[in-house]
Structure formats: C-alpha cells, structure tokens
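One structure below.
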Amino acid sequence: MKRILLATFFVMVLAPAAWAQVPFVPSFEFGVGGGLNLPLGDIGDGMNNGYSFNASVGYNVAPMFIIGAEFGFFGSSASDQTLALLGTGSEFSLSSVQFTAMAKYKFPMAVHHMYAKALAGGYRLATDLTSPLGTFDISSTNFGMGIGGGFQFNGFKNSSIYTEGIYHRVSGASADGEFVTLNLGMMFSFN
C-alpha cells in the first residue's frame, strides 16, 4: 500500500514538470453533449429520470486549466404516483435552463484526460402543471452550483469524445433542488 501511495505521489509531482517541457499553446474548446437527468432528494421522489443537453465553451489559460461558460437544459416528468395524487388527466413536468461559469482542471495523463469541473451561476427552473383545476406555469431564476468530473478520449486530431457526471444543487425560495446529469458528447478544440 505504501508503494502505491508513493508511486501516486511521484506521478502527481513529476507529471506537471513533464508537461512544463511541452510548449503551451492557448486554445479554445467547444463541447456539445446530452444524456440523463437524475432528480434527487424530495424532488426525486416525485419525478422520473429525464433528459439532459449541454454545450460549453472554454479557453485554456494554462496547460491543464480551462475557464469558460456552460449552457444546459434538463427536464423530467412526474412519476405515476405524483400524477395519481394530482388527479385523472393531470400532467406535470419540471425543467431547468442553466447559464453558468465553468472551471475545469485536466489531470496530467499521456494521451487522454481525466478532469474535474466546477460550475456556478443561474438556473431557471420551470414547472408546468395541467390538472382538472386548470393549467399552471411557474418559473424562477435561482443561483446554483455544480461539481463533478469526466473522462476525455483524445482519439482524433481536433476533437474528442467525453463522458461526465455532474452533481447540481440549486437554491430555491422554499427548498433546494438537487440533480445529477450524466452526459456523453463531443469536444472540439481550436488553436
């Protein structure tokens, strides 16, 4: 166990020094992806798993550090139990639009990249309810944050495939919303 910890320590200390030997060329990156939205907590009890779409743009400010912005759209529909409580013929959905600042750190690896990502900014939450009592649309913009990571497969010249998981927490007036997005997408880089 001590040997594994010692080897890990040396890789983390020496790998950035090896990266420093490679000339750094600033570049832009643009990514698009989609996947699953998994509601958590109290909201998750009444909602089904849904869909997720995201797009990001970033700028390499250092060999392993990227800053930028991310846009996302997530949606879920109500579970059968929730619809039964609302009455026959009811429909209920919850969606969120995300506009956040992004910071990403790529861990030094030979070809591919493992990365950690943090998000902070605005999430516009919207609920749509149709029931025997009428139709109701409620929306509000709240501050939210996300944290997670992923893996980037660099198999092409200026593009790569990535997979990631992000935990989002949005502050609401009466309660906080939590959900996880699992995405698969393409990342394009430009010098």
Side-chain angles (χ1 to χ4, degrees), residues 29-58 68-105 112-153 159-188:
E29 69 175 29
F30 173 73
V32 291
L36 288 174
N37 171 33
L38 311 171
L40 302 173
D42 293 337
I43 293 174
D45 293 339
M47 304 299 289
N48 292 320
N49 294 336
Y51 56 87
S52 165
F53 298 102
N54 71 327
S56 64
V57 62
E70 184 164 303
F71 166 80
F73 183 75
F74 325 107
S76 296
S77 60
S79 65
D80 292 339
Q81 295 86 353
T82 301
L83 292 177
L85 291 172
L86 295 173
T88 305
S90 295
E91 294 180 11
F92 181 71
S93 64
L94 175 66
S95 62
S96 177
V97 177
Q98 161 204 346
F99 294 97
T100 54
M102 173 194 69
K104 183 162 59 171
Y105 178 80
H112 308 295
H113 294 110
M114 188 173 4
Y115 61 87
K117 182 158 70 168
L119 307 167
Y123 289 75
R124 182 155 181 83
L125 303 173
T127 57
D128 297 316
L129 170 63
T130 302
S131 72
L133 300 175
T135 301
F136 305 93
D137 298 323
I138 301 169
S139 62
S140 65
T141 302
N142 301 292
F143 176 77
M145 298 174 60
I147 189 164
F151 196 82
Q152 194 169 322
F153 302 91
S159 62
S160 56
I161 297 171
Y162 72 89
T163 180
E164 68 181 16
I166 306 291
Y167 167 78
H168 303 263
R169 185 174 182 91
V170 182
S171 300
S174 58
D176 292 342
E178 300 173 85
F179 57 97
V180 170
T181 54
L182 303 174
N183 294 316
L184 176 67
M186 290 289 295
M187 191 69 66
F188 305 93

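When all heavy atoms of S56 and M102 are compared, the closest pair comes out as CB-SD, 4.3 Å. Across all their heavy atoms, N48 and A78 have their closest contact at ND2-O, 3.0 Å. Scanning all heavy atoms of the two residues, the minimum distance from G41 to E178 falls at CA-OE2, 4.4 Å.
Ring pair F74/H168 is tilted by interplanar angle, where 30° to 60° counts as tilted. Aromatic ring orientation, F30 versus F188: parallel (interplanar angle below 30°, classes split at 30° and 60°).
Distance check: L40 CG to R169 CZ gives 10.0 Å after rounding to the nearest 0.5 Å. M187 CE to E29 CD: the interatomic distance, rounded to the nearest 0.5 Å, is 4.5 Å. One finds the CD1 atom of I161 at 10.5 Å from the CD atom of Q152 (value rounded to the nearest 0.5 Å). From Y123, atom OH reaches atom OG1 of T141 across 13.0 Å, with rounding to the nearest 0.5 Å. Here CG of L94 is found 8.5 Å from CZ of F179. Values are rounded to the nearest 0.5 Å.
For the pair F73 and N54, the minimum side-chain heavy-atom distance is 4.5 Å or more. At a threshold of 4.5 Å between non-hydrogen side-chain atoms, the residues S160 and F153 do not count as touching. Looking at L38 and L182, their side chains come closer than 4.5 Å, going by heavy atoms from C-beta outward. Residues L36 and Y51 are not in side-chain contact: their nearest non-hydrogen atoms beyond the backbone lie 4.5 Å or more apart. Counting heavy atoms from C-beta on, the side chains of Y105 and Y115 never come closer than 4.5 Å.
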request  = Please test Q98 against L119 for side chain to side chain contact (heavy atoms under 4.5 Å, CB included), starting from the C-alpha separation and ending with a verdict.
outcome  = CA-CA 10 Å; Q98 161 204 346; L119 307 167; 3.5 Å; yes
message = Quick one, I166 with E164, criterion side chain to side chain contact (heavy atoms under 4.5 Å, CB included). Give me CA distance, side-chain angles, the key distance, then yes/no.
response = CA-CA 7 Å; I166 306 291; E164 68 181 16; 4.0 Å; yes
task = Go through the steps to decide whether N142 and L125 satisfy the test side chain to side chain contact (heavy atoms under 4.5 Å, CB included), and finish with yes or no.
result = CA-CA 8 Å; N142 301 292; L125 303 173; 3.6 Å; yes
inquiry  = Test side chain to side chain contact (heavy atoms under 4.5 Å, CB included) on S139 and R124; report intermediate values, then the result.
reply    = CA-CA 7 Å; S139 62; R124 182 155 181 83; 2.9 Å; yes
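The six-membered or imidazole ring of F71 lies near that of F99, with a centre-to-centre distance under 6.0 Å.
Annotation for F53: atom CZ does not count as buried by contact number, only 12 or fewer foreign heavy atoms lying within 6.0 Å.
Listed for the S77 side chain is no donor-acceptor partner under 3.5 Å among the backbone atoms of S93.
The only member of N37, N183, T181 that meets side-chain hydrogen bond (donor to acceptor under 3.5 Å, both in side chains) when paired with S52 is N183.
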